Amino acid sequence: MENNWDPLDTELAAESLAATLKRQIKNILDSYTGWYDLFCELIQNALDAVDQMRRLSRSSDYKPSIYIMIDLKENLLCVTDNGIGFTEDQFKGFLAPNVSYKKGDNRGSKGVGATYIAYGFNYLQFGTKTSDFSFLGTLQSAREWVEDSSGTIIRPKVLKVNDSLHECFRDIDQGSTFV
């Protein structure tokens, strides 16, 4: 063993890494305590996305829009925006704990809100559209996996889907949706 090493530059065994990620996610979920947290996170993220698009837009025709649908019968909360959207690399990584692509001038930039949205519940449909990339998928049974102490539930993976539950997402050219 060397005398000097960087403790943050270490490769963990797959099992240790999986347990560490699950513990980080549990800690994030425990930090959210209000019934309104999901709504606030989704609205904050949509506001940040349209603000960033407004700053980057070369056209004075850009009209920032956030579409919200609450369906109590189906137990759905849908938030879609016509904001900046995600690149493919960003989209593949933004649900991981402590990952954020936001700058300090946004409403949030700690990288925990998206993790809460993804793993705090057992169903998430989410999508993005940009000029270079579009994707619509679901993450299912994520909360069950986080709460599973027996290790019998397999870590959920994003599954591609073809149709958005929030009709507004079908009609926008650029932006994101979360259901």
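Keep in mind that this is a model prediction, so the values were computed, not measured.
- The two atoms that bring D81 and I172 nearest to each other are O-CD1, 3.1 Å, heavy atoms only.
- With respect to L139, the side-chain contact (heavy atoms from CB on, under 4.5 Å) criterion is satisfied by exactly one of V158, N122, L159: V158.
- The closest side-chain heavy-atom distance from L38 to F121 is below 4.5 Å.
- Summarising the geometry of R170 relative to D163, their closest heavy-atom pair is NE-OD1, 3.0 Å, with the distance given to 0.1 Å.
- Looking only at distances, no side-chain donor or acceptor of N27 sits under 3.5 Å from a matching main-chain atom of Q24.
- Distance check, rounded to the nearest 0.5 Å: CD of E147 to NZ of K22 gives 9.0 Å.
- Note: T177 OG1 to E167 CD = 11.5 Å, rounded to the nearest 0.5 Å.
- With hydrophobic clusters built from ILVMFWY side chains whose heavy atoms lie under 4.5 angstrom apart, L42 shares a cluster with F39.
- Side-chain contact between V79 and Y67 is absent, with no heavy atoms from C-beta onward closer than 4.5 Å.
- Between G113 and Y32, the shortest heavy-atom contact is CA-OH, 3.3 Å.
- Heavy-atom neighbours of N75 CG from other residues, nucleotides or ligands within 6.0 Å: at or below the threshold of 12.
- For L56, the CG atom is densely surrounded, since the number of other residues' heavy atoms within 6.0 Å is greater than 12.
- In this structure, R143 contributes its side chain and Y119 its backbone to no donor-acceptor pair below 3.5 Å.
- Taken from CD in E88 to OG in S134, the straight-line distance is 10.0 Å, to the nearest 0.5 Å.
- Distance alone, capped at 3.5 Å, is enough to place a donor-acceptor pair between the Q174 side chain and the I84 backbone.
- Under the 3.5 Å distance criterion, the side-chain polar atoms of N82 are matched with a main-chain donor or acceptor of K63.
- When all heavy atoms of A118 and A142 are compared, the pair lying nearest together is O-CB, 3.3 Å.
- If you run side-chain contact (heavy atoms from CB on, under 4.5 Å) between L136 and each of K129, K160, Q125, only Q125 comes through.
- Under the 4.5 Å side-chain heavy-atom criterion for grouping Ile, Leu, Val, Met, Phe, Trp and Tyr, V146 is not connected to Y123 through any hydrophobic cluster.
- Clustering ILVMFWY residues whenever any of their side-chain heavy atoms sit less than 4.5 angstrom apart, transitively, puts L124 in the very cluster that holds L77.
- Under the 4.5 Å side-chain heavy-atom criterion for grouping Ile, Leu, Val, Met, Phe, Trp and Tyr, V179 is not connected to F126 through any hydrophobic cluster.
- Atom CD1 of I25 sits about 14.0 Å away from atom OH of Y116, to the nearest 0.5 Å.
- Linking Ile, Leu, Val, Met, Phe, Trp and Tyr residues whenever their side-chain heavy atoms come within less than 4.5 Å leaves V50 and F169 in two separate clusters.
- Counting heavy atoms from C-beta outward, L47 and Q44 have side chains that stay 4.5 Å or more apart.
- Nearest heavy atoms, W145 versus I153: CD1-O, 3.2 Å.
- Within the 3.5 Å criterion, the main-chain N or O of F133 finds a donor-acceptor partner in the side chain of T130.
- Remark: I117 CD1 to I28 CD1 distance equals 11.5 Å, nearest 0.5 Å.
- In summary, the aromatic rings of F86 and F135 are positioned with their centroids too far apart to meet the 6.0 Å limit.
- Atom OG1 in T87 sits 10.0 Å away from atom NZ in K92 (nearest 0.5 Å).
- Closest of all the heavy-atom pairs between I68 and H166 is N-CE1, 4.3 Å.
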